[in-house]
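Comments concern the structure below.
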Amino acid sequence: QWQSSNDNFVTNIVDISGATTPNSYTTSGFTTSGTTYYRLKVTCNSGTATAYSNIYTVVANIPVYATLPYTQSFESWVNGCGTADRPDASWRNSPYSGDSAWARSDQGTVSTAAWTNPGSGLYSPVFSSGAYSARFHSYNALNGTRGYLDLYVDLSTAGTKQLKFDYINPTWASPEALDVLLSTDGGVTFNVTPLTSLTNVFSSWTTQTVNISATSATAV
């Protein structure tokens, strides 16, 4: 019998209905952030003796939809699925670690994104405002790999919205591309054609502007 708890099995221990497969249990989807603990309880058929598996911990960090107007300068990243792996609670980073992970420009170390050679391929200056920026480590990312940095935002306000961001890539090489995609269903599906696709050398910080007419409250 699989069991769950929200306080490491001190109190509020619940038997999960129907969850009796010995070797695995698949959780239902999480709708709120928080920590849940799971374990397997084994009971002797001929008595009442019980034994328990190790405790499995699942931390759900559900993005909070940002409201307009919204600004992010990528100064102070917070923990999501990893250490300092998202700009704030309205973002999701996939993967959150490795050379294909986004990170703050100075945080691609072993303790955060775990990039290979994080000092290689660094652009200058590392910011257009503040002191940092969001960086994709294309210098060591393998060809064909993708890193996704998703902003969850409420676009239900009437009228055309504008996405503006500053971009730099002084060492661009084909087939690199920075694509901006839009989802209006919470990230279940995205448009096939990017809203914009940057495929060129940008030797200095350049402001990009994208008009968005969507009115979804669950846009990504």
Side-chain angles (χ1 to χ4, degrees), residues 63 65-66 68-75 77 80-81 85-88 90-105 107-108 113 115-118 120-130 132-157 159-220:
Y65 285 89
L68 300 180
Y70 173 83
T71 301
Q72 175 58 251
S73 60
F74 304 105
E75 297 295 292
W77 293 49
C81 292
D85 64 332
R86 57 181 179 169
D88 64 35
S90 295
W91 295 77
R92 177 176 288 167
N93 189 5
S94 177
Y96 65 86
S97 183
D99 285 323
S100 294
W102 287 81
R104 199 175 80 173
S105 51
Q107 291 182 327
W115 290 337
T116 304
N117 304 317
S120 300
L122 186 61
Y123 44 89
S124 180
V126 295
F127 58 88
S128 60
S129 65
Y132 304 102
S133 56
R135 179 185 176 196
F136 182 76
H137 189 41
S138 58
Y139 186 91
N140 275 111
L142 296 176
N143 284 342
T145 61
R146 294 174 172 84
Y148 300 93
L149 190 59
D150 295 335
L151 169 62
Y152 289 70
V153 58
D154 180 354
L155 297 181
S156 59
T157 304
T160 299
K161 276 69 66 171
Q162 278 194 339
L163 168 67
K164 297 180 69 175
F165 61 96
D166 294 340
Y167 177 70
I168 189 172
N169 188 356
T171 57
W172 175 87
S174 179
E176 288 180 16
L178 178 85
D179 292 336
V180 177
L181 305 174
L182 175 65
S183 170
T184 57
D185 55 12
V188 177
T189 61
F190 284 85
N191 57 304
V192 175
T193 303
L195 301 181
T196 189
S197 183
L198 304 177
T199 57
N200 210 333
V201 170
F202 288 78
S203 57
S204 59
W205 288 101
T206 305
T207 300
Q208 308 293 321
T209 302
V210 180
N211 291 326
I212 301 175
S213 59
T215 56
S216 169
T218 56
V220 185

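Computed over heavy atoms, backbone and side chain alike; hydrogens, waters and symmetry mates excluded. What you see is a predicted model, and the numbers here were worked out from it, not measured in a lab.
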(message) Can you give me the closest heavy-atom contact between Y132 and E75, atom names plus distance?
(response) N-OE2, 3.0 Å
(message) Testing N169, T199, T171 one by one against E176 for a side chain to side chain donor-acceptor pair (under 3.5 Å), which residue passes?
(response) N169
(message) Among S204, S203, S105, S133, exactly one meets side chain to side chain donor-acceptor pair (under 3.5 Å) together with Y123. Which residue is that?
(response) S133
(request) Please name the pair of heavy atoms, one in W102 and one in G147, separated by the smallest distance, quoted to 0.1 Å. (result) NE1-O, 3.2 Å
(message) Could you measure the distance from the OG atom of S128 to the OH atom of Y167? Nearest 0.5 Å is fine.
(response) 13.5 Å
(request) In sequence, state the C-alpha distance, the side-chain angles, and the governing distance for F165 and T209, and then conclude on side-chain contact (heavy atoms from CB on, under 4.5 Å). (result) CA-CA 7 Å; F165 61 96; T209 302; over 6 Å; no
(request) Measure the spacing between CG of L68 and CG of L155 and express it to the nearest 0.5 Å. (result) 5.5 Å
(request) Mind listing the closest non-hydrogen atom pair of P87 and L149 along with its distance? (result) CD-CD1, 4.2 Å
(message) Looking at K164 and T207, would you say the former's side chain and the latter's main chain have a donor-acceptor pair under 3.5 Å?
(response) no
(request) For the residue pair W77 and F74, categorise the inter-ring angle as parallel (less than 30°), tilted (30 to 60°) or perpendicular (more than 60°). (result) tilted
(request) Keeping the roles fixed (side chain from D99, backbone from T116), state whether a donor-acceptor pair exists under 3.5 Å. (result) yes
(request) Provide the closest heavy-atom pair for R92 versus P63 in the form atom of the first, atom of the second, distance. (result) NH2-CD, 3.3 Å
(request) Output yes when a side-chain donor or acceptor of N93 lies under 3.5 Å from a complementary backbone atom of R86, and no otherwise. (result) no
(message) Would you say T184 and S216 are linked by a side-chain donor-acceptor pair, where the criterion is simply a distance under 3.5 Å?
(response) no
(request) Determine the minimum heavy-atom distance between G187 and S183, stating which atoms define it. (result) N-OG, 2.9 Å
(request) Using a 4.5 Å cut-off on heavy atoms from C-beta on, say whether the side chain of I168 contacts that of T206. (result) no
(request) Determine the minimum heavy-atom distance between N191 and L195, stating which atoms define it. (result) ND2-N, 3.9 Å
(request) Please work out which of the three classes, parallel, tilted or perpendicular, describes the rings of Y70 and W91, given edges at 30° and 60°. (result) tilted
(request) Taking the side chain as every heavy atom from C-beta outward, state whether S197 and D179 have any pair of such atoms under 4.5 Å apart. (result) yes
(message) When you compare the side chain of V210 with that of Q162, does any pair of heavy atoms fall below 4.5 Å?
(response) no
(message) Could you go through Q208 and D166, starting from their C-alpha distance and side-chain angles, then the distance that decides it, and tell me whether this counts as side-chain contact (heavy atoms from CB on, under 4.5 Å)?
(response) CA-CA 6 Å; Q208 308 293 321; D166 294 340; over 6 Å; no
(request) Taking side chain to side chain donor-acceptor pair (under 3.5 Å) as the test, write out the residues that go with Y65, two or more places apart. (result) none
(message) So, taking the atom named OG in S138 and the one named CG in L178, what distance separates them when rounded to the nearest 0.5 Å?
(response) 10.5 Å
(message) Atom OH of residue position Y139 - does it have more than 12 heavy atoms of other residues, nucleotides or ligands inside 6.0 Å?
(response) no
(request) Output the distance between atom CG (L182) and atom OG1 (T196), rounded to the nearest 0.5 Å. (result) 13.0 Å
(message) Heavy-atom count check: over 12 atoms from other residues, nucleotides or ligands less than 6.0 Å from N211 CG?
(response) yes
(message) Testing the 3.5 Å rule here: is there a donor-acceptor pair between the side chains of S156 and D154?
(response) yes
(message) Keeping T145 on the side-chain end and L142 on the backbone end, is there a donor-acceptor pair under 3.5 Å?
(response) yes
(request) Answer yes or no: is there a donor N or O on one side and an acceptor on the other, between the side chain of W115 and the main chain of S120, under 3.5 Å? (result) no
